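The block underneath contains the structure these notes are about, expressed in structure tokens.
Keep in mind that the numbers below use all heavy atoms, side chains included, and drop hydrogens, waters and symmetry copies. On a predicted model such as this, the values are computed, not experimentally measured, just so you know.
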Amino acid sequence: MESKFIRGTFFLTAASLISKILGFIYIIPFTALVGTQGYVLYKYAYGPYTILLSISTIGLPLAVSKIVSKYNELGNYRVGLTLLRYGMFLMVISGIISFAALYLSAPFLASVLIGTNDQTGNSAEDVQYVIRLVSFALLIIPAMSIFRGYFQGSLSMGPSALSTVVEQVVRIIFILAGAYITIHIFNRSVTDAVGIATFAAFIGGVAGFLVLLLVFYKRRELIKKQRNASPHNKDLKVISMLKELIGYAIPFVITGLAIPIYQNIDTFTINKLFQSIGYKLNEAETINSVIGLAQILVMVPVSLATAFGMSLIPGITSDFIGERILEVRNKISETIQIILFFTLPAAMGLCILGDPIYIMIFGVENSPELGGNLLQWYSLAAVFFAMFTVTAAIMQGINEQEKLIIGILLGVFLKIVLNYILVPYFKEAGPILATYFGFMISILFNIFIIKKAIQFNFSSLFKTLKGIFLLVLAMSMAVWGVKLFSELLLPKGLSLYSRAAVTSIISISTGVFVYLGIGYKLNLVKRFSLRSKSK
């Protein structure tokens, strides 16, 4: 059973990682097809969609997984099937309501994003069109996510893993093929191409859902047999079951909403803010788009780092419930060290190599000068995002969910206020600085609560981080030196893109070699990799 669980968890983690990598890679050709103006239109649609998707599912898939696993362990397989039936019904209703809310609010959201006086960028009609097309995905994704939760709770990770990959692959193929055919074969507008790309969320969802239905149909006899042979089969009252479900679900959705909320604050305020200080709409939209592209690059190390660090969180929860507070403190210390070991060097690398990396990834047609500059400003957000995600998960692990919400609200309020204060003075860097301050207040609030709840000594933790800081400093100096010499020694005849690509590849390779090489010598690589695997 344990080996089956470990194998299934590996498949699910691998599928999630593949999905994230594909989700990053496809942006490169897609941006090349539609440009920054097209990408910002795509961003307008996906911003509110992401928020409504999180709200419509309210963390139920993970909660279903937890409850199904619990009652299966107790020998009551009937509860899992009952929960799947009622959960599916709940998600269908929730999906229809969310779809209607997003579809009908599209004109209002478009008016918030786009003014009527400036015709230099996307029109309000364009924004309304793409928002309404992406809203159809809300009819299928919530119901599919419940199915995934049921399989995971039954310790059958394969169907969820396969469904995740199929959904992403079909979605990306539809996005890229649809955008290319729309622009280059039918000679239609970029708006039409982006509309096809947003509708791809629905197409991918249908593909993923069909995979789960097929697996369930194939296993139906086995599932019935398992249910009938259960030693403790009995139905629970629907109200009490749903109450338990919602109780488990709410904490799961809290952390997941924070980063999308911050991103949506920028999406929905940047245009008007920059227009208020003299920018044209197309210039404001370019800034909006480039900040979105920088966010994508920054989220790559965040996803990888939290995948390692978050593996320790279940152990923290278990030890806290068992009142093994010393073990809780040790695991928190290990988690934060792992997060910083992986995230900090990536953030510093993006900061130093902002210009060449942006050009290498997004080309010379998508505002390379602005993009490189904003990526350098945004790079350290990787550390803030990762630290917030982990401290928020720790707060849930030690049953401080209500206070976690307070910390998030404080940060979001500060972010909104500072967007309006900082943009007139810091221009393009203003929203990024506001994000830093917002997350900083939330992280410090979380740290304060953790320290108070379990008497955690952060001072001793900072002492153990000295090795990581020195290692990052050595790597940063090496990367900066290689970047400088590359730019001086490369032939002047090389194109801007070729110079950026060569500089990026050589500098990144040097940074990885120095960081892992010195880290290996200091035994840091082995220490952190073993910790992340063993927990």
Would you say [X]'s side chain and [Y]'s backbone share a donor-acceptor pair under 3.5 angstrom?
X	Y	answer
Ser145	Pro142	yes
Ser163	Gly208	yes
Thr286	Asn282	yes
Ser135	Arg132	yes
Thr267	Gln263	yes
Ser289	Thr36	yes
Ser123	Asp126	yes
Tyr262	Gly438	yes

**OP:** Quick one: do Ile183 and Asn187 satisfy side chain to side chain contact (heavy atoms under 4.5 Å, CB included)? Show the steps, please.
**Re:** CA-CA 5 Å; Ile183 293 172; Asn187 297 317; over 6 Å; no

Subject >> side chain to side chain contact (heavy atoms under 4.5 Å, CB included) assessment of Val134 paired with Leu102 >> reply: CA-CA 9 Å; Val134 80; Leu102 187 56; 4.2 Å; yes

Original post:
Do the two ring centres, one from Phe385 and one from Phe388, sit under 6.0 Å apart?
Top reply: no

Side chains of [X] and [Y], heavy atoms from C-beta outward: is any pair under 4.5 Å?
X	Y	result
Ile270	Pro431	yes
Asn288	Asn271	yes
Ile277	Lys427	yes
Ile175	Ile196	no
Tyr49	Ile131	no
Glu285	Leu41	no
Thr50	Leu257	no
Tyr436	Ile432	yes

Spacing of [atom1] belonging to [X] relative to [atom2] belonging to [Y], to within rounding of 0.5 Å:
X	Y	atom1	atom2	answer
Ile405	Lys403	CD1	NZ	12.5 Å
Leu404	Thr391	CG	OG1	8.0 Å
Tyr129	Thr191	OH	OG1	8.5 Å
Ile394	Met387	CD1	CE	7.5 Å
Ile28	Phe24	CD1	CZ	4.5 Å
Ile287	Phe274	CD1	CZ	4.0 Å

Subject >> Within residues 23-35 or reaching into it, pairs that qualify as salt bridge (charged side-chain N to carboxylate O under 4.0 Å, His left out) - sequence neighbours excluded >> reply: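 Applying salt bridge (charged side-chain N to carboxylate O under 4.0 Å, His left out) to every pair that reaches into residues 23-35, excluding sequence neighbours, yields nothing.
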
Going by side-chain contact (heavy atoms from CB on, under 4.5 Å), name the residues that satisfy it together with [X], two or more places apart in sequence or in a different chain.
X	result
Glu167	Ile141, Met144, Arg148
Leu33	Ala179, Tyr180, His184
Phe268	Pro48, Leu109, Val112, Leu113, Asn264
Ile172	Leu22, Tyr26, Gln168, Leu176

Original post:
Residues two or more places apart in sequence or in another chain: which of them pass side chain to side chain donor-acceptor pair (under 3.5 Å) with Ser189?
Top reply: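 Side chain to side chain donor-acceptor pair (under 3.5 Å) check on Ser189 returns Asp192.
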
Subject >> For Tyr279, side chain to side chain donor-acceptor pair (under 3.5 Å) partners two or more places apart >> reply: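 So Tyr279 forms a side chain to side chain donor-acceptor pair (under 3.5 Å) with Glu428.
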
Please name the pair of heavy atoms, one in [X] and one in [Y], separated by the smallest distance, quoted to 0.1 Å.
X	Y	result
Val92	Ala143	CG2-CB, 4.4 Å
Ala197	Tyr42	CB-CE1, 3.9 Å
Asn366	Ala32	ND2-N, 4.5 Å
Pro159	Leu212	O-CD2, 3.6 Å

Qualifying residues under ring-ring contact (aromatic ring centres under 6.0 Å, His included), relative to [X], sequence neighbours excluded:
X	result
Tyr39	none
Phe174	none
Tyr358	Phe362
Tyr103	Phe99

Original post:
Crowded around Phe437 CZ? As in, over 12 foreign heavy atoms under 6.0 Å?
Top reply: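 Counting neighbours around CZ of Phe437, 12 or fewer heavy atoms of other residues, nucleotides or ligands fall under 6.0 Å, so no.
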
**OP:** Start with the C-alpha gap between Leu293 and Thr31, add the side-chain angles, then the distance that decides, and say whether side chain to side chain contact (heavy atoms under 4.5 Å, CB included) holds.
**Re:** CA-CA 9 Å; Leu293 294 173; Thr31 309; 3.9 Å; yes

Original post:
Restricting to pairs with a member in residues 408-420, which pass side-chain hydrogen bond (donor to acceptor under 3.5 Å, both in side chains), not counting sequence neighbours?
Top reply: Asp266-Lys415, Asp266-Asn419, Thr269-Asn419, Lys415-Asn419, Lys415-Thr435

Subject >> Pair Gln275-Leu281, side chain to side chain contact (heavy atoms under 4.5 Å, CB included): steps then yes or no >> reply: CA-CA 6 Å; Gln275 285 179 284; Leu281 176 59; 3.8 Å; yes

